[in-house]
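Source: prediction; values computed, not measured.
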Amino acid sequence: MLKRTHTCGELRADHVGQTVTLCGWVNTYRDQGKGLIFIDLRDRAGLTQVVFDLEDVADDVVTQGRALRREDVIAVRGTVRQRASEPNRKLPTGEIELVGAELEVLNKTESPPILPDEHEAAKIDEEKRLRYRYIDLRRKRMQHILHTRHRVTKLTRDYFDQHDFLEIETPLLIKSTPEGARDFIVPSRLYPGQWYALPQSPQLFKQILMIAGCDRYLQICRCLRDEDPRADRQAEFSQIDLEMSFVDRDDVMEMMGGFIHHLWKELLGTDIGEIPVMSWKTAMEKYGIDRPDLRFGLEVHDISELAAKTDFKVFHDALAKPNGVVKAIRIPGGAEKLTRKMTDGYSEWIKTFKAGGAPTVKFTDKGFETGIARFVEPIAEELKAALGLEPGDLAIFTADTWSIATKAIGELRNRLARDLDLIPEGEWKFVWVIDFPMFEWDEETQRYYSLHHPFTAPNPDQFELLDSDPSKCLSAGYDLVVNGSEIGGGSIRIHRPEVQKKVFTILGISDEEATEKFGFLLDALKYGAPPHGGIAFGLDRLVMHLVGTDNIRDVIAFPKTQAGADLMIQAPGPVDDAQLEELHVRNVLPEAAATPGT
């Protein structure tokens, strides 16, 4: 076999005259019919043009050369020369070509079901590309993504190594502690009737590591959650998981902010500047969402007091509800930009968030027109001032309970920005969101739930509220958001047993249930737990931002479909009865389910 001396992206004018060997896939094949065959040879590093002058090579090279087709795997030995034609400025190797003298066909391909062409990829059904992932990954775009992901993990390890973090692995076979998403569970062969769970995150173990004196922990870990299908989620995903001892919230945010600065500078050459800090309450009131996109305006205004002065029934009905509010957004130039069909569409769409609709009104040189103009006339000047309206603007409203109206108008704000093309390209807007509510009340179950998780500590000045009014207690949690996407979240943890017990009581978790689910952590907290806190960054989401894709499957080498199937290996799939018997389980379905993707 001819041994490779250079990659297909390596050769330059400095190599002219050298004898080299390239190996790779035939990307394109052109027989000029004048005794010349041209091949673009591709590997992970790039493309090199190879030319065979059939009059100057051996007969076997002629025979093999004329039989080549796309995606054949070959090795070529020859001499580097300046291109006979004009240089190809689009390729780093565009000044040279390799004059082939020897050719070895390493593997002939059958007719490929798909080709690794960038311009064709968008036309190919994603399921087909996932089925033949090993071909799809040959694309330059996909190779770039894999390289970027590698760089992110390397830069992560280097940065935190410089700050004295220890990389420590935590178990994959653990005890089931159902909180939030469903666990994937694994039957035990050695302990009949007992089950392991696969970790949704290493949360409890990293706290144990702090109690164990490890001080600073890092892990790039796999996490598994049996969640219902969602476009931006995968059943298995990766986290950059971290924890620190003897720190407060500011210490963690400073360390992790430095990491994000480092990542963006090294990979994109971008200085993201100082990362601002915003309270959860401010984020919800101004942007309607706890992961605000700061690249555009369209800020939300609470006009409840003004709305109460109107005789518009929709407003009055909302304000009569507990915590009823009326929210509004000013859309500059919206009177012309938004058609009646569009605003009617928004009013229907917003109902998916339980809101009743989205009334509108235009503001012109003549005052308020169309929509609910007659209802807002009594508050015309006040509304104009409150929203900062100018002629040509449009105002859009939601009215309901605070939680419904706020969520609905926050989602509407993001959709308006997309529809009106208000989101600038290439801009990065980071923000830390802090001071989340410690608990949220669920009317249906009549109990509190943790907004983050039950091990999140209150802010230092909030501990008394655990006894007097848990609904007002703010947590020491923090989320890092970029361009409207949460890329990391964490908190200072509870490190005192008595505080953890109070939180469990508020959450309706009995002593027996707490011991059953979290007994090893509760025991550990009794034996000298230091103050500690940490964060987890979504590795997949980080890479998505860095490479500019909104499809999480693009940044995972072997992803699942939205429904959780691996089309390439046909998983999940059945197992035979002998395996099930050995594991002391049996299949209760009348017959095995179909193989995914068939």
Worksheet item: Is there a donor-acceptor pair under 3.5 Å between the side chain of Thr549 and the backbone N or O of Asn551?
Response: yes
Worksheet item: So do the side chains of Phe353 and Leu412 get within less than 4.5 Å of each other, counting heavy atoms only?
Response: no
Fill in: Sub-4.5 Å side-chain heavy-atom contact between Ser201 and Asp241
no
Discussion item. Tell me whether the rings of His453 and Phe455 are parallel (<30°), tilted (30 to 60°) or perpendicular (>60°).
Written reply: tilted
Discussion item. Please give me the minimum heavy-atom distance between Asp43 and Gly9, naming the atom from each residue.
Written reply: OD1-N, 4.1 Å
Discussion item. Determine whether a donor-acceptor pair (N or O, by modelled atom type, separation under 3.5 Å) exists between the side chain of Asp540 and the backbone of Ser238.
Written reply: yes
Worksheet item: With a distance cut-off below 6.0 Å to the six-membered ring centre and an angular limit of 45° from the axis, does Lys286 pair with Trp280 as a cation-pi contact?
Response: no
Discussion item. Main chain of Asp293, side chain of Arg413: is a donor-acceptor contact present, judged purely on distance under 3.5 Å?
Written reply: yes
Worksheet item: If only atom types and distance count, is the side chain of Ser475 paired as donor or acceptor with the main-chain N or O of Gly477 below 3.5 Å?
Response: yes
Discussion item. Any side-chain to backbone donor/acceptor pair from His532 onto Pro530? Under 3.5 Å, distance only.
Written reply: yes
Worksheet, complete the sentence: Ile556 and Arg149 have their tightest heavy-atom pair at CG1-NH1, 4.0 Å
Worksheet item: Side-chain contact, heavy-atom cut-off 4.5 Å: Glu167 with Tyr217?
Response: no
Item to complete: Give me the one residue out of Lys206, Gln239, Glu243, Glu169 that meets side-chain contact (heavy atoms from CB on, under 4.5 Å) with Gln219.
Response: Glu169
Worksheet item: Taking Thr515 for the side chain and Gly519 for the main chain, is one N or O donor matched with an acceptor at less than 3.5 Å?
Response: no
Worksheet item: Would you say the side chains of Ser491 and Arg493 form a donor-acceptor pair under 3.5 Å?
Response: yes
Worksheet entry | Polar side chain donor-acceptor pair, Asp479 to His452, under 3.5 angstrom | yes
Worksheet item: Where is the tightest heavy-atom contact between Arg157 and Leu218, given as atom of each residue plus distance?
Response: CA-CD2, 4.2 Å
Fill in: Short side-chain to backbone donor-acceptor contact, Glu227 and Arg182, under 3.5 Å
no
Worksheet entry | Flag side-chain contact, heavy atom, 4.5 Å: Tyr132 against Met568 | no
Worksheet item: More than 12 heavy atoms of other residues, nucleotides or ligands under 6.0 Å from NE2 of His147: is that the case?
Response: no
Response to the item:
Closest non-hydrogen atoms of Arg133 and Asp554, given as atom of the first, atom of the second and distance, are NH2-O, 4.2 Å
Response to the item:
The single option from Phe237, Tyr159, Phe160, Phe259 that satisfies ring-ring contact (aromatic ring centres under 6.0 Å, His included) with Phe537 is Phe259
Practice prompt. Taking all non-hydrogen atoms of both residues into account, name the closest pair between Tyr478 and Gly533 and its distance.
Written response: OH-C, 4.1 Å
Discussion item. Could you check whether any side-chain N or O of Ser304 sits under 3.5 Å from a backbone N or O of Val326, counting only pairs where one atom can act as donor and the other as acceptor?
Written reply: yes
Worksheet item: Salt bridge check: are Lys128 and Glu126 linked by an N-O gap of less than 4.0 Å?
Response: no
Worksheet item: Between Lys327 and Glu285, does at least one N-O distance fall below 4.0 Å, as a salt bridge requires?
Response: yes
Worksheet item: Just by distance, do the side chain of His261 and the backbone of Gly273 share a donor-acceptor pair under 3.5 Å?
Response: yes
Discussion item. So if I apply the side-chain contact (heavy atoms from CB on, under 4.5 Å) rule between Asp400 and each of Lys321, Lys407, Lys354, which one comes out positive?
Written reply: Lys321
Discussion item. Using the rule side-chain contact (heavy atoms from CB on, under 4.5 Å), only one of Asp183, Leu224, Ile174 pairs with Gln200; which is it?
Written reply: Asp183
Discussion item. Quick one, Lys175 and Phe520 - any side-chain contact, counting heavy atoms below 4.5 Å?
Written reply: no
Item to complete: Verify, without hydrogens or angle tests, whether Asn483 (side chain) and Glu427 (backbone) share a donor-acceptor contact under 3.5 angstrom.
Response: yes
Worksheet entry | Phe439 six-ring centre to Arg447 NZ/CZ under 6.0 Å and within 45° of normal | no
Practice prompt. Check whether the side chains of Asn414 and Tyr287 place a donor and an acceptor atom closer than 3.5 Å, and report yes or no.
Written response: no
